Every structure is written in C-alpha cells, then in structure tokens.
Protein chains: 2
Amino acid sequence: MVEKDFSEQEHQAALNHLKESIPTNEELESMVNIFKAFGDMTRVKIILALSKTPLSVGEIADTLDMSQSSISHQLSLLRQLNLVTSVRHGRNIHYRLSDQHIITIFGQTKDHIIEDEND
Amino acid sequence: MVEKDFSEQEHQAALNHLKESIPTNEELESMVNIFKAFGDMTRVKIILALSKTPLSVGEIADTLDMSQSSISHQLSLLRQLNLVTSVRHGRNIHYRLSDQHIITIFGQTKDHIIEDEND
DNA sequence: ATGAAATATGAATGAATGCTCATATATTCA
DNA sequence: TGAATATATGAGCATTCATTCATATTTCAT
C-alpha cells in the first residue's frame with residue numbers, strides 16, 4: 001500500500017512516538033496499585049462505608065458481616081496506599097477516607113458503566 | 001458514655017443506615033471488574049497506547065515488547081468489559097477505546113496521587 | 001496489676017490471575 | 001488451492017492475593 005488517507009497518516013505519526021509516550025513501570029506503579037485496591041469487593045465496600053462517616057474497625061466488620069481480622073488486613077493495605085487514615089480514640093481506631101478524590105473516581109466509573117448500559 | 005457531641009450524633013445517625021446504604025455485590029460487580037482491569041500494568045499500558053490512536057494487536061505487542069498471545073488475551077478481557085472495541089481491517093484487527101471516560105478516570109487518579117505526594 | 005475489649009499481625013491455604021506454549025481460525029495473495 | 005500473516009484460544013504453570021486461625025499488642029476499667 002503506497003497511498004495513505006489522512007487518518008492513516010495520523011496513525012503512522014502517533015505510532016512513531018508511541019513507545020516513548022508510554023510511561024515507565026515506576027511512573028505507573030502507584031496508579032496501578034490504587035486500581036488494584038479498588039478491584040476488590042471488600043475494599044470497595046469499606047471505602048463506600050467510610051464515605052458516609054468515619055468508622056472503627058469493628059463497625060466496618062459488623063456493617064459488612066466480615067471478620068475483624070479480614071477488615072483489619074484490608075485497612076492496613078488501604079492505609080499503606082494513603083487511601084485512608086486512622087486516628088486512635090481510646091480503644092477504638094477511627095478510620096476515614098484520606099481524600100474526596102476517591103469518591104469522585106468511583107462516580108466517574110459509575111458514569112462509564114451507566115453510559116455503557118444505554119447502548 | 002451518656003452525652004454525645006454533635007459529630008458523635010451524626011456518626012450514630014450515619015451508622016444506623018449504613019448497612020442498607022452499601023450496594024449489593026451485584027450492583028458493585030461491574031465497577032469492581034473495571035477496577036480489576038485497571039489494576040494491571042499491561043492493561044493500563046494498552047489503554048494508554050489506545051488513547052493515542054487505534055492499534056492492531058501486533059502494533060500493541062511491539063510497542064509494549066510483549067508477546068502477541070499475551071496482548072490478545074488481555075484485549076479479549078478488555079473487550080468483554082466493553083472498555084475497548086475491535087473492527088477487522090483486512091488481516092488486522094483495529095482496537096480502540098470504547099469511551100473517553102476511561103482516560104478521565106485515569107486523570108482523576110493521577111490527581112489523587114499528585115495531591116498525595118504534596119503532603 | 002489484671003482482665004476484658006479493640007485492633008494488628010504472621011503463617012497457612014485455596015482461589016484467582018497473567019504469561020507461555022502449542023495450536024486453531026481467519027484473511028490475503030499468488 | 002495453498003502458503004503466509006494476523007489474531008484467538010485452551011491448557012499448564014507460577015505467582016499473587018483474600019480469608020482464616022491463632023496470637024500479639026494496646027488501652028481501659030476495676
């Protein structure tokens with residue numbers, strides 16, 4: 001094929017710089033890790049619960065009908081990723097979302113799904 | 001504890017309706033599945049590549065220095081989730097992002113990370 | 001100090017997942 | 001039709017991951 005239409009030329013141009021335009025693993029790692037965190041039903045539910053009000057580990061476990069240990073493990077992961085923060089209040093530890101971006105991302109994703117279902 | 005300050009009252013109120021406010025597994029499943037898809041380095045790179053221009057399987061494999069088979073498997077998954085669409089062009093199959101929401105979500109997530117690093 | 005309550009943590013286990021290899025399917029071209 | 005190219009797919013394997021169980025740590029109340 002010798003002749004190329006306009007969009008084909010654009011494609012070639014994009015293709016030439018494509019390899020360099022892809023960020024490195026290091027650059028992408030934090031993003032991927034956050035998405036990994038969101039890619040689990042339990043963690044999504046924890047985040048949704050925390051979007052309503054700060055909660056102790058036990059309150060989350062009760063709300064989700066799951067074991068204290070399991071919730072604690074997941075919270076530890078979410079804390080490592082700076083998705084939640086914790087403050088001790090007496091014997092309890094209050095967890096809260098560390099920033100509202102998280103809920104925005106969830107909302108955006110919901111939008112994608114809804115738009116998709118309308119096709 | 002008999003007396004509660006205002007925020008404590010709010011907490012109790014939120015706690016009462018919390019269990020019912022958490023969506024069911026079925027309602028959350030598509031969101032979780034999309035995040036699972038985003039939670040893998042290879043798939044994120046595929047999506048970022050496709051955000052520049054539609055690409056064939058081979059072009060993606062070359063760009064990411066990965067096997068044809070691996071990329072094809074991942075594209076199959078992304079297609080099942082309606083994140084990409086494919087059109088055959090001769091012997092090639094052109095993949096493209098199915099909707100621009102995806103990139104918005106990536107951007108929002110990047111924002112979260114950047115905000116986070118500034119603390 | 002001691003016991004009880006809340007949370008954290010390490011090891012073990014079963015399930016999910018990503019890649020590879022071999023092979024199948026589809027399309028073009030001679 | 002038959003060879004070559006592009007893509008898809010199934011099985012196998014190694015790794016990752018979520019939960020559980022047992023136990024450690026921290027704090028409060030007596």
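In what follows, chains are A, B, ... by sequence order, proteins preceding strands, each numbered from 1. Keep in mind that what you see is a predicted model, and the values were worked out from it rather than measured.
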Check every strand shown and say whether S56(A) touches a base, only sugar-phosphate, or nothing at a heavy-atom separation below 4.0 Å. sugar-phosphate

Quick one: does any side-chain atom of N92(B) pair with a main-chain N or O of R88(B) as donor and acceptor, under 3.5 Å? no

Could you check K52(B), E59(B), H94(B) and say which one makes a side-chain hydrogen bond (donor to acceptor under 3.5 Å, both in side chains) with H11(A)? E59(B)

Do the side chains of L48(A) and V44(A) get nearer than 4.5 Å, heavy atoms only? yes

Contact interval (first through last nucleotide) of DNA chain D with protein chain A, 4.0 Å heavy-atom: dC17(D) to dA29(D)

L75(A) CG - dA6(C) P separation (whole Å): 16 Å

Using whole Å, what does the distance between atom C1' of nucleotide dT17(C) and atom NZ of K36(B) come to? 10 Å

Between I60(B) and L75(B), does a side chain to side chain contact (heavy atoms under 4.5 Å, CB included) hold up when you go through it step by step? CA-CA 10 Å; I60(B) 299 174; L75(B) 285 170; 4.1 Å; yes

Figure out the CG/P separation between L78(B) and dT17(C), and round it to whole Å. 14 Å

Is D65(B) salt-bridged to K19(A), going by a charged N under 4.0 Å from an acidic O? yes

Among all residues two or more places apart in sequence or in another chain, which pass the ring-ring contact (aromatic ring centres under 6.0 Å, His included) test with F38(B)? F35(A), F106(B)

Mind checking if S67(A) touches a base, just sugar-phosphate, or nothing, with heavy atoms under 4.0 Å? sugar-phosphate

N/O (side chain, Y95(A)) to phosphate O (OP1/OP2, dA6(C)) under 4.0 Å: no

Rounded to whole Å, how long is the line connecting atom CG of L77(A) with atom P of dA8(C)? 13 Å

d(CG, D40(B); C1', dA16(C)) in whole Å: 13 Å

Under 4.0 Å protein heavy-atom contacts per nucleotide of nucleotides 21-30 of chain C, with B for base, S for backbone only and - for none: BB---SSBS-

Group every Ile, Leu, Val, Met, Phe, Trp and Tyr by side-chain heavy-atom contacts under 4.5 Å, then state whether L97(A) and I114(B) land in the same group. no

With side chain to side chain contact (heavy atoms under 4.5 Å, CB included) as the test, would you mind laying out the steps for S98(A) and V84(A) before giving the verdict? CA-CA 5 Å; S98(A) 57; V84(A) 305; 5.7 Å; no

Distance check needed: dT17(C) P versus Q80(B) CD, whole Å only. 12 Å

Are I102(B) and L50(B) packed together at the side-chain level, in the sense that at least one heavy-atom pair is separated by less than 4.5 angstrom? no

Atom CE of M41(B) and atom C1' of dT17(C): how far apart are they, to the nearest Å? 16 Å

